[in-house]
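Below is one structure, written out as structure tokens; comments come after it.
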2 protein chains.
Amino acid sequence: MAKTSTPSRERIVTGAADMISRRGLSATSIREMAKHAKAPLGSTYHYFPEGKQQLATEAVRHTGDQVARSLRQELKAGPAAGLNAFLALWRKVVADTDFHAGCPVLAVAIEEPPADEVPPALEAAAEVFEQWEGLLADSLREHGADAEQAAQIATLIVAAVEGTVAMCRAKRSTEPLDRTAAQLQALIADALGG
Amino acid sequence: MAKTSTPSRERIVTGAADMISRRGLSATSIREMAKHAKAPLGSTYHYFPEGKQQLATEAVRHTGDQVARSLRQELKAGPAAGLNAFLALWRKVVADTDFHAGCPVLAVAIEEPPADEVPPALEAAAEVFEQWEGLLADSLREHGADAEQAAQIATLIVAAVEGTVAMCRAKRSTEPLDRTAAQLQALIADALGG
DNA sequence: TTCTGGCTATAACGCTTGTCATAGCCTAAC
DNA sequence: GTTAGGCTATGACAAGCGTTATAGCCAGAA
């Protein structure tokens with residue numbers, strides 16, 4: 001017999017990712033995450049005994065994997081298609097939430113770590129960026145770009161999209177995303193065409 | 001007799017900008033801002049009667065103007081020089097703080113506003129981005145780019161640098177900035193050369 | 001049926017938060 | 001010397017924070 005819809009643990013993770021993508025990590029309380037997932041507060045500490053950091057880490061990894069899956073799928077049709085999917089994905093997030101949500105990975109990436117320590121959530125954010133870049137770079141190389149150029153373009157794409165999403169939120173407009181999209185598309189066409 | 005170095009009010013604003021660039025807005029308390037500026041808590045509410053939002057707004061505008069001034073100066077030598085200055089500026093921030101600080105404007109831009117309301121600090125962030133883009137776009141147009149392309153490249157530069165700074169913090173490395181720099185430089189050369 | 005163990009409910013802990021109010025200092029004008 | 005006013009000092013307020021502890025429920029195995 002199937003469980004009633006989504007299991008609690010998973011709901012907490014996806015809900016946490018959603019809230020972090022809106023408010024940032026430190027502005028999101030565990031109590032609110034629990035309420036948002038319709039789970040009792042006690043359950044969060046049952047499933048995530050290390051507390052907020054663990055929950056944040058899993059939330060980052062969750063969206064990281066989700067985006068990576070979509071990216072991997074679309075990249076089968078080439079780097080340009082992958083880029084377009086990546087752009088469309090974040091455009092949808094921003095537009096569907098009336099410019100309230102962005103990328104939870106970025107949100108976690110800009111939280112200051114304690115001195116001489118690297119919190120697991122920050123480490124996870126670095127790994128997610130690396131993963132996305134890797135997928136894009138691989139595809140670019142497979143389509144004729146040399147290794148260094150592929151790596152540079154991949155980094156530029158991830159960074160530009162992340163930054164653009166933030167700009168869209170501030171301006172409450174998707175126009176920055178249109179502009180960035182045009183330039184990145186041209187850049188890929190150029191790199192693979194020449 | 002001259003006052004002891006910087007006046008209190010200014011110290012509070014620059015200190016607030018610094019703290020916000022590290023921890024984000026909501027993780028930075030007014031008490032800590034006051035302490036960081038060696039000012040009494042009461043003074044923050046004396047100088048900024050609207051409280052935290054006003055302080056954040058002024059902090060955003062402060063760094064916005066500061067960066068704009070530097071950008072305007074360096075753009076006199078052309079868009080490529082301006083880009084390089086912009087890159088160097090943020091590389092220094094990230095490197096000098098051991099990857100603890102980033103851009104306070106981005107930090108404010110990704111804070112969720114209350115529904116149906118636009119906090120002044122968020123509005124200020126949008127204006128700062130617009131200002132930086134405008135400076136870059138003007139320079140690009142003056143050097144031969146057509147209006148649309150200039151606007152697109154300007155947006156891409158600001159977004160990419162903002163995103164890259166965040167990636168550098170997550171990875172604790174300036175390599176993303178190197179890669180982004182190479183691509184953006186090539187892009188400008190291309191746009192003005194063709 | 002009894003028992004086990006995953007999950008929940010509830011309350012509490014010490015601490016920090018944004019903000020406000022009140023009283024006081026202490027310099028500068030008159 | 002007196003007076004005004006910008007700034008500071010101090011403390012309080014209600015609310016929220018992350019986290020822990022304890023006791024209880026309630027399905028499935030024995």
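In what follows, chains are A, B, ... by sequence order, proteins preceding strands, each numbered from 1. If you're wondering where the values come from, they're calculated on a predicted model, not measured in any experiment. Hydrogens, waters and symmetry mates are skipped; everything else that's a heavy atom, side chains included, is used.
For the pair A:Q54 CD and D:dT19 P, the computed distance is 11 Å after rounding to whole Å. Rounded to an integer number of Å, the gap from CG of A:L41 to P of D:dT22 is 17 Å. Rounded to whole Å, the distance from CE on A:M19 to C1' on D:dC17 is 14 Å. Atom-to-atom, NE2 of A:H46 to P of C:dG6 comes out at 7 Å; the value is rounded to the nearest Å. Residue A:E50 contributes atom CD, which lies 14 Å from atom C1' of D:dG18 at whole-angstrom precision. Per the geometry, CD belonging to B:Q53 stands 12 Å off P belonging to C:dG18, to the nearest Å. The OH atom of A:Y47 sits 19 Å away from the C1' atom of D:dT20 (whole-angstrom rounding). In this structure, B:K52 places its NZ atom 14 Å from C1' of D:dA15, rounding to the nearest Å.
Salt bridge A:D65/A:R69: absent, no basic N to carboxylate O contact under 4.0 Å. B:R61 and B:E127 are joined by a salt bridge, as a carboxylate oxygen and a charged side-chain nitrogen come within less than 4.0 angstrom of each other. Salt-bridge formation is detected for the pair B:R9/B:E58: a Lys NZ or Arg NE/NH1/NH2 atom is positioned less than 4.0 Å from an Asp or Glu carboxylate oxygen.
Along DNA chain C, the nucleotide closest to B:T28 and the one closest to A:A39 are compared, and the more 5′ of them pairs with A:A39. Mapping A:M33 and A:G42 onto DNA chain D by nearest heavy atom places A:M33 at the nucleotide closer to the 5' end.
For residues 118-152 of chain A, the pairs satisfying ring pair (Phe, Tyr, Trp, His ring centres under 6.0 Å) are A:F86-A:W132, with sequence neighbours left out.
In this structure, the nucleotide among C:dT17, D:dG18, D:dC17 sitting nearest to the side chain of A:I30 is D:dG18.
At a cut-off of 3.5 angstrom, the base of D:dG18 holds at least one donor-acceptor pair with the side chain of A:R31.
At D:dG16, none of the side-chain N or O atoms of A:S29 fall inside 4.0 Å of OP1 or OP2 (strictly under the cut-off).
Within 4.0 Å (heavy atoms only), A:Y45 reaches at least one base atom of the nucleic acid.
The backbone N or O of B:H100 lies less than 3.5 Å from a partner atom in the side chain of B:R169, making a donor-acceptor pair.
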